[in-house]
Amino acid sequence: GAVVSQHPSRVICKSGTSVKIECRSLDFQATTMFWYRQFPKQSLMLMATSNEGSKATYEQGVEKDKFLINHASLTLSTLTVTSAHPEDSSFYICSARIGPYNSPLHFGNGTRLTVT
Amino acid sequence: AQSVTQLDSQVPVFEEAPVELRCNYSSSVSVYLFWYVQYPNQGLQLLLKYLSGSTLVKGINGFEAEFNKSQTSFHLRKPSVHISDTAEYFCAVSEANQAGTALIFGKGTTLSVSS
């Protein structure tokens, strides 16, 4: 069964509004979670590393004020897309590791965001 | 920093034929290597991983991959594909022995299996 749960799976919002995406680790604690973005027919681009109890680490070119990440507990990380615009429409996927650093990442089922 | 190159963006193949999806990586340090599969509008599912040891690794759904350090490759193979193998396949790399590291993905290969 799924070990990383992501919600919602699909969201449509109007331009200028904010959207929150949740990523939960099921039955394990994740001190670190990773947020990826995927454009149609393209690869996954790492957006940020979410660290429980501290600030997220953003990749170069990712606006931290636009993509707010909060990792307030060991089982929940949230990504909030603030003041969304059509160009933010994309597939957002979170992931986490069960176990040590040589464990593979487990991925949520993704959130399809459409900004109209 | 690491990078991954998947040499084929699309691979069409007939059912029951063998297939190879190619992946090359670049890194100045030791790495872990992974193959994931993605079905439409879904997250990624791990097919197999190479951490150390035997260079031939077997994964789920009959897939296997071989790590070749001298050629910096990690090609994915299946001797006989099914229609249900039609999906997007991603090769990924992470730095070995480092906590908290993300995966870096290749651009993906679309495998299309037809009858």
Side-chain angles (χ1 to χ4, degrees), chain A residues 1-11 21 23-24 30-52 54 56-60 62 71 90-114, chain B residues 1-10 21 23 25 29-53 57 59-60 63 65 74 87-112:
Chain A
V3 296
V4 176
S5 174
Q6 194 170 336
H7 178 80
S9 58
R10 202 177 279 271
V11 59
I21 302 169
C23 180
R24 295 181 183 274
T31 55
T32 303
M33 291 185 176
F34 303 96
W35 286 95
Y36 289 85
R37 180 175 181 177
Q38 185 180 30
F39 291 100
K41 303 293 184 182
Q42 295 190 30
S43 186
L44 287 80
M45 300 301 297
L46 179 65
M47 297 177 66
T49 301
S50 171
N51 303 297
E52 188 269 334
S54 64
T57 304
Y58 290 83
E59 295 300 301
Q60 192 173 8
V62 177
H71 196 153
S90 192
F91 194 56
Y92 294 88
I93 312 176
C94 69
S95 64
R97 274 192 181 89
I98 303 172
Y101 54 81
N102 59 357
S103 304
L105 288 181
H106 291 268
F107 288 82
N109 279 331
T111 297
R112 172 73 60 193
L113 170 63
T114 304
Chain B
Q2 295 79 45
S3 66
V4 177
T5 301
Q6 291 184 243
L7 298 162
D8 308 293
S9 59
Q10 296 190 47
L21 306 184
C23 172
Y25 70 93
V29 298
S30 295
V31 296
Y32 300 139
L33 293 156
F34 307 84
W35 274 98
Y36 283 85
V37 60
Q38 184 181 35
Y39 299 99
N41 292 312
Q42 292 188 27
L44 277 72
Q45 180 182 8
L46 179 69
L47 281 176
L48 46 79
K49 63 181 186 290
Y50 171 79
L51 303 180
S52 65
V57 293
I60 63 171
F63 284 94
F74 190 55
E88 191 78 14
Y89 291 80
F90 292 97
C91 181
V93 64
S94 69
E95 185 175 342
N97 303 314
Q98 289 293 317
T101 56
L103 295 185
I104 305 301
F105 286 86
K107 290 182 181 295
T109 297
T110 302
L111 175 63
S112 299

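In this text, all values refer to a predicted model and were calculated from it rather than measured experimentally. All heavy atoms count here, side chains included; hydrogens, waters and symmetry mates do not. First the proteins, then the strands, lettered A, B, ... as listed; each starts at 1.
Residue F91(A) comes nearest to Q38(B) through the heavy atom pair CE2-NE2, 3.7 Å, listed as atom of the first residue, atom of the second, then distance. Considering every non-hydrogen atom in both K107(B) and S43(A), the closest pair reads CA-CB, 3.5 Å.
Residue contact with chain B, scored on non-hydrogen atoms closer than 4.5 Å, is absent for Q6(A). For L44(A), the parts sitting under 4.5 Å from any heavy atom of chain B are the backbone and the side chain alike. When heavy atoms are compared at a cutoff of 4.5 Å, L44(B) approaches chain A by way of both its backbone and its side chain. For L46(A), the part lying under 4.5 angstrom from a heavy atom of chain B is the side chain only.
Separating the CG atom in L103(B) from the OG atom in S95(A) is a distance of 7.0 Å, to the nearest 0.5 Å. In this structure, CD in Q45(B) is found 10.5 Å from NE2 in H106(A), a value given to the nearest 0.5 Å.
Residues satisfying the ring-ring contact (aromatic ring centres under 6.0 Å, His included) criterion with F107(A), sequence neighbours excluded, are Y36(A), Y36(B), F105(B). Partners of R24(A) under the salt bridge (Lys or Arg N to Asp or Glu O under 4.0 Å) rule, at least two apart in sequence or in another chain, are E22(A).
If you tally non-hydrogen atom pairs under 4.5 Å between each of G106(B), G108(B), A102(B) and chain A, the highest count goes to A102(B).
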